[in-house]
Structures are given as structure tokens and as C-alpha cells.
Amino acid sequence: MKQKLLDFYRRHSCILFLAIILLWAKTYISYQIDFNLGVKGLFQHIILLINPVAGAVFLLSLSLFAKNVKKGHKILFALYLFYSILIYANVLYYREFTDFLTLTTIFESTSIFNGADNLITSTFALMKWYDFMYMADVICLFLLIRLRSSKLVLADERKFYTQPCGKKAIIISLCIFLFNLGLAEINRPMLLTKTFDRNYIVKYLGIGGFTIYDSVQTFQSATVTLEKSDIKKVSSYINQHQTTPNQELFGIAEERNLIMIHMESIQQFLIDFHLKDENGRSWEVLPFLNKLYHSKDSISFSNIYAQIGQGKSSDAELMTETSLFGLAKGSAFIKYAENTYYALPQILRNKADYTSAVFHGNAGSFWNRNDMYPGLGYDYFFDAEDFILTEENSAEYGLKDKLFFQQSVQYLEQLQQPFYAKFITLSNHHPFPLDENNSFPPANTADDSVNGYFPSSNYADQALEEFFNYLKLSGIYENSIIVLYGDHYGISENRNKDLTHLLGRDQDTWTELDDMNMKKVPLIIHIPGYGGGHVDKELGGQIDILPTILHLLGIDTKTQILMGQDLLSPERDEVVALRNGDMVSTFYTYIGEHIYDTITGFPIEETNELLTQQAEDYKEKALNQLSISDLVLETNLYDSYTPKGLMPVNRASFDYSDDPRRLRLESSRAGASNTSVYYLNQRISTSVLYQTDAPEYEKN
Ligand code: GP9
Ligand code: MN
């Protein structure tokens with residue numbers, strides 16, 4: 001029997017077949033254990049099962065064109081290795097970002113990761129014990145090829161390694177692909193033309209199919225010229241979505257300094273959350289932020305979604321500075337850094353004579369910030385070069401928050417008032433390593449990064465409190481409006497299930513709607529002395545932050561191209577578009593192909609045509625909002641349109657190479673009209689007022 005099987009194998013196949021089957025099996029296993037593709041029903045399961053085949057046959061069959069068998073085997077192995085690395089890289093990326101690697105992310109990775117000294121640690125943190133499986137087959141194949149005498153490598157392999165045979169194999173792979181695409185189109189019409197969500201492409205066409213689709217898209221969408229019809233589309237969108245500001249609140253923070261705090265990885269679920277330790281003791285994760293959230297001087301929001309895409313932090317920044325969405329893939333900070341923008345620093349400069357500065361304790365090149373910020377109109381960018389970074393005072397991505405704020409105030413006090421200062425915190429970043437100086441207990445789950453998230457967020461909270469104490473002591477506080485927002489998740493979607501018991505929930509009843517809820521981030525607008533504070537349940541997203549702040553500062557937004565709407569306006573649309581095309585509205589939530597009743601959380605049956613149609617209409621609105629935003633970026637629309645009352649940014653006037661010196665120079669130039677905190681404090685530095693308990697501070 002064994003001999004018969006072996007003879008059959010030798011007659012009909014070669015190592016190529018074995019490689020195809022191995023790759024097929026590996027891809028399929030990875031779908032089952034590492035990706036959550038939302039496969040529903042037998043038909044989709046069949047598509048999922050066959051979708052790795054076309055890619056594997058196509059890629060590996062290229063080896064048949066080799067001049068001889070020996071070379072063919074080498075090429076086969078190289079292609080197999082390449083595909084295996086591609087799968088594993090996607091597995092690691094998916095574990096953290098719940099998304100697939102695009103060519104753009106790969107190309108942009110130098111800008112993204114430049115500055116992350118410990119990127120290797122972050123990557124290790126994503127690995128799991130069973131990952132050896134992703135390379136075990138590669139080793140087997142290598143050994144089989146080396147031991148050519150093995151019976152698994154075909155004896156009369158010469159029949160295979162010929163051009164006609166190669167061509168045949170390619171044609172077969174294309175036929176399989178067309179068959180696969182046909183099935184996909186039956187199940188999801190217009191898959192390739194109307195899809196924002198990469199999960200879908202992988203679900204229907206496999207990782208190989210997705211990689212080809214993505215490459216074609218990347219090279220297609222290089223430049224788009226602005227057409228008249230584009231201008232019409234955008235202006236009709238703007239006309240329809242204009243909201244009148246809330247008259248009672250418009251201008252209540254006029255002429256105040258604006259301090260914006262980008263809170264790395266702080267999610268809404270942390271607000272008022274207590275972690276129980278092993279002894280049953282309850283630990284409040286964000287005691288300071290909770291007080292601020294519930295303060296009578298804060299307008300706080302409990303239903304704000306992080307609408308970021310692959311550009312993560314940079315997308316959150318783009319939305320708050322310009323009210324435009326990040327891109328469907330990659331980061332606009334990288335792809336469209338040279339575009340013309342009318343962003344918050346420029347609007348405030350033009351409309352109310354503000355000075356602007358952004359502070360971040362990481363390399364300026366991370367997310368291409370040093371190229372993007374001149375376009376946004378920032379006067380100053382204090383990055384890692386302007387701070388003292390040591391091994392002790394730095395975390396994975398740069399200066400720890402307490403030291404960051406402490407070292408920033410020497411620059412803050414020198415800024416001419418009114419100023420707009422943005423602080424981008426960073427120590428609360430995945431993989432949330434434990435800090436021996438922090439006594440806050442880690443959670444006790446199977447995932448180290450989930451465990452570390454709580455002490456790490458608590459540290460961020462302590463740092464914020466220290467900074468606020470300084471603001472109060474220095475007198476900056478009373479004359480400022482302070483806006484704090486969470487930039488995106490800290491616990492990625494794949495890890496939500498590890499959290500369930502901490503949230504008092506059961507893994508079995510956790511749904512994709514719960515995952516959607518976890519995308520909420522806090523937004524706190526703190527206006528000292530305001531007194532009318534409350535927690536606002538308004539449904540919104542980061543895209544809405546800019547018009548909300550501008551109206552509070554008494555600045556009109558009528559002529560600008562803003563995708564968001566003032567969260568305090570009574571006339572809002574209440575549709576939140578997620579970057580992958582999912583949507584949340586007051587009554588309906590659209591996740592992938594599933595529609596839920598937002599209020600009850602129950603699914604809406606496809607058979608209920610009336611409700612389905614209403615949900616579709618909202619979804620259409622969300623998709624339209626995303627595509628208008630894309631159009632503005634792709635056509636560089638602001639290059640041809642200057643909003644009334646604003647002037648184009650003069651990029652050349654910003655040179656961030658020696659900000660501290662430039663700051664001193666500007667200050668001395670101001671003479672008696674100097675409005676800086678330092679100058680008004682009789683030129684005595686307020687830095688000493690910054691109190692920190694950071695043990696690393698002593699060592700400076
Ligand atoms: C790095 C920081 C983190 O400078 O902003 O970026 P993220 O990984 O959160 O996008
Ligand atoms: Mn971030």
C-alpha cells in the first residue's frame with residue numbers, strides 16, 4: 001500500500017505540489033488561529049478554504065521557468081520562504097493592529113519606526129509559543145530539497161521544469177483565481193471597487209490575492225489631478241454639513257492659551273475604571289483624569305470614537321489639526337506631507353495671532369512629523385533633540401511622560417501668549433513594559449501587554465497631574481483651555497477577550513459590538529472657571545474635535561473644508577465613520593456586513609428591509625464622508641483654494657533645527673511687548689515650580 005502511494009506520488013507530482021499543499025495548509029491554519037476574518041456561513045467558509053490556492057500555485061510555479069532542476073529548486077525554496085515571511089509578518093502585524101500589511105506601510109516603516117529603539121522588544125512581545133509552526137515547514141522543505149534523493153522529491157522531475165509546464169501552471173493558477181473571484185463576487189458584489197476594509201479582501205481572495213490587489217492599488221493612486229467636478233462635490237458636502245455653533249458656548253474660551261494633550265493609548269473604558277488586585281483591593285487607574293473628567297469646569301465626552309487607520313498617532317493628529325481623515329492605508333503624514341493645509345496652528349495664527357509649538361519626546365522623524373509640522377504651520381517643534389534623554393528616563397518610544405512635561409516647561413514659559421501648545425505623550429505605549437518604580441499592580445491575565453497597560457496608564461495619569469499642578473502654580477492654568485484626547489486603543493482588538501473578566505464580562509457573550517465600543521477614547525475640554533461642566537453623551541469622533549475647539553475659541557469655520565462637526569452644535573448628523581468603512585450612528589451600527597441596533601445591541605435581520613435600508617443610508621453617508629476627505633488629500637485641494645481670512649503657510653519660515661535658540665531670539669526681539677510667562681514673571685523661570693516624583697529626575 002505504502003509503495004503504491006509512493007509510486008502514485010512519483011508519477012503525478014513533484015516537490016512543487018508538496019510545497020503548494022504545505023503553503024495552502026499553513027495559510028488556512030493561520031486564518032483559523034491568528035486572523036479574525038468574520039467568516040459567516042458555509043459559502044464563505046468554502047471561499048476561505050480555497051482562497052490560498054491561486055496565490056500559492058502562481059508564485060511557486062514561477063520556479064518552473066528555471067533553467068535547470070537545481071536552480072528551480074532553489075527558486076522554489078526562495079519563493080516559499082518569501083511567502084512564509086509575508087504570512088508571518090502579517091500575523092504579527094495583525095496581532096497588534098487587527099489589520100494587514102500594505103505595501104505603503106512597509107515602505108513607510110522607516111519613518112514610522114525611526115526612533116523606536118526598542119522596536120525589537122515590541123515585536124518579541126507579539127510572538128506566541130506556537131509561532132515555530134510558521135517556520136517548521138520552511139525547514140522541512142529546505143531539508144527535502146537538500147536531500148534530493150528523498151522519495152518525496154520526484155525522480156523524473158525534468159518533465160516539470162520546462163517552460164511549457166511553467167506556462168500551463170500559471171494559466172491554471174489564473175483560472176483558479178478567476179473561479180475564486182467569481183465566488184467572491186457572488187457573495188460580495190463589487191468587492192474590489194467598493195471596499196474600505198482589508199479584512200474583506202483577505203477573506204475572499206487570501207493574503208496572496210490581497211498583496212497583489214494592494215500592489216496594483218499602490219501604483220495606481222500616485223497622483224490625482226483636481227477636476228471641476230471634485231470642487232463641486234466637496235463644496236456641496238461642506239454646504240450640507242455646515243452646522244451653526246452653539247450660541248451659548250461660542251467664544252467662551254476666546255483669547256485663552258490652548259493646551260492640547262494627545263494621550264497615547266488612553267481608552268474610554270479606563271475612565272472611572274478600578275482594577276482589583278489579587279487581594280481584592282481596588283485600584284483606580286486614572287484618579288486624576290477621572291476628577292478632571294467629572295469637573296464642573298470640563299465638558300467631557302463619553303461617546304467619542306478613535307477614527308484612526310494605519311497612521312495611528314499621526315491619523316489622530318491629522319484629524320484634530322485639520323478635521324480630515326487619515327488614509328485608507330498608510331499615513332497621510334508621510335504620503336501627503338507636502339500638501340497645503342489650513343491646520344489649527346495656522347488658523348489660530350491668522351485669526352487670533354497665536355504662537356504655536358508641539359512637544360514630543362521622540363525623534364522628529366517618527367511619523368515624518370518634522371516634514372509635516374511646517375505644513376501644519378507650527379512655529380516650534382520640540383523633539384528628542386531638545387530634551388535630555390538617558391537610558392533611565394526613556395521608555396520604548398522616548399522620554400517618559402513625567403520627565404517630558406518637566407523638561408517641556410522651560411520652553412512653554414518662553415512662548416508668546418496666547419499660545420497653542422500640543423503635548424504628545426508616549427510612555428503609555430504597547431508593549432506596556434512594567435516599571436519597577438510604579439507601585440500600581442499589573443492585571444493578572446495571560447497577556448503581558450494587557451497586564452502592563454494598567455500601571456502604564458496610571459503612570460500617564462500621574463504625569464498629567466504633575467503637569468496640571470505646574471500649570472496652576474505658574475498661573476498658566478486660569479488663562480488656558482486644556483483639551484485632552486485619547487489617540488487610539490492600547491489594548492488591540494485581538495486582546496479584548498483577555499480583558500473580559502476584568503470588565504466583569506464573559507468571553508462567550510463578548511461581541512463585535514463590544515469591540516466597537518472599545519474604540520471609544522476620552523475627550524475632555526477643560527475650561528478653568530467655566531462652571532457649566534458635564535459629561536456629554538453626544539456621539540462623535542476625533543474628526544469633530546477641531547470645529548468644536550475653534551468655536552469655543554470664538555473662531556468661525558464657515559469657509560474651511562472640515563469633515564467634522566462641532567460636538568456642541570445642536571444640528572449634528574450623528575454619524576461616525578470608522579476608517580475601514582464601519583459606521584456608528586444613533587440607531588444603527590454597521591460592522592463589516594452586520595447591522596446592529598446601537599441602543600439595544602441586537603442584530604438587525606437582513607429580512608427587515610425597512611431598517612436595513614435606513615442603516616444603508618447612514619452607511620452611505622459615512623462612506624461619502626471618507627471619500628470626500630480622501631479627495632481633498634489626493635487632489636491637494638487646498639493648494640487651489642484659500643479659505644477666506646486665512647493665508648497659506650510659509651513653510652520656509654519654520655526651521656526646527658535649533659528651536660531653543662530661536663525661541664530665545666524671538667523672545668528678545670519682542671522687547672517690551674513680550675507676553676511670555678517667563679517675561680511676565682519678571683524673567684524668573686517658572687520651571688522650579690514643576691514638582692515631580694520621578695526617581696529618574698534626581699539623576700539628571
Ligand atoms: C511615537 C508615538 C507613537 O512617536 O507617537 O505612535 P503610534 O505607534 O501610537 O502610532
Ligand atoms: Mn499613538
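Just so you know, ligand 1 is whichever comes first in the structure, and atom 1 is the first atom listed for that ligand.
Counting heavy atoms only, R369 comes closest to atom 5 (O) of ligand 1 of the residues E264, K312, R369, H429.
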Worked check of ring-ring contact (aromatic ring centres under 6.0 Å, His included) between F405 and Y690: CA-CA 9 Å; F405 284 122; Y690 192 101; 7.4 Å; no
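Side-chain contact of S492 with R95: a donor-acceptor pair under 3.5 Å is absent, judged by distance alone. Checking H360 against Y373 by side-chain atom types alone, no donor-acceptor pair falls below 3.5 Å.
Both the sub-6.0 Å distance and the 45° axial angle are not jointly satisfied by K422 relative to the ring of Y378.
Take a cut-off of 2.8 Å around the Mn ion (ligand 2): the protein N, O or S atoms inside it are E264 OE1, E264 OE2, S313 OG, D487 OD2, H488 NE2.
By the 30° and 60° cut-offs, the orientation of the rings of F269 relative to F454 is perpendicular. Y94 and F100 have tilted rings, their planes meeting at an angle from 30° to 60° on a 0 to 90° scale.
Contacts with ligand 1 closer than 4.0 Å are made by side-chain heavy atoms of H360 only, the backbone lying farther away. At a 4.0 Å heavy-atom cut-off, ligand 1 does not touch H262 at all.
For ligand 1 and H488, the ligand atoms under 4.0 Å from any heavy atom of the residue are 9 (O). Interface atoms of ligand 1 facing N362, defined by a heavy-atom separation under 4.0 Å, are 1 (C), 4 (O). Near W367, meaning under 4.0 Å from one of its heavy atoms, ligand 1 places the atoms 6 (O), 7 (P), 10 (O).
Remark: E696 does not engage K402 in a salt bridge, criterion side-chain N to carboxylate O under 4.0 Å.
The heavy-atom pair separating F210 from L101 by the smallest distance is CE2-O, 3.3 Å. When all heavy atoms are compared, the tightest approach of H430 to A125 is CE1-CB, 4.5 Å.
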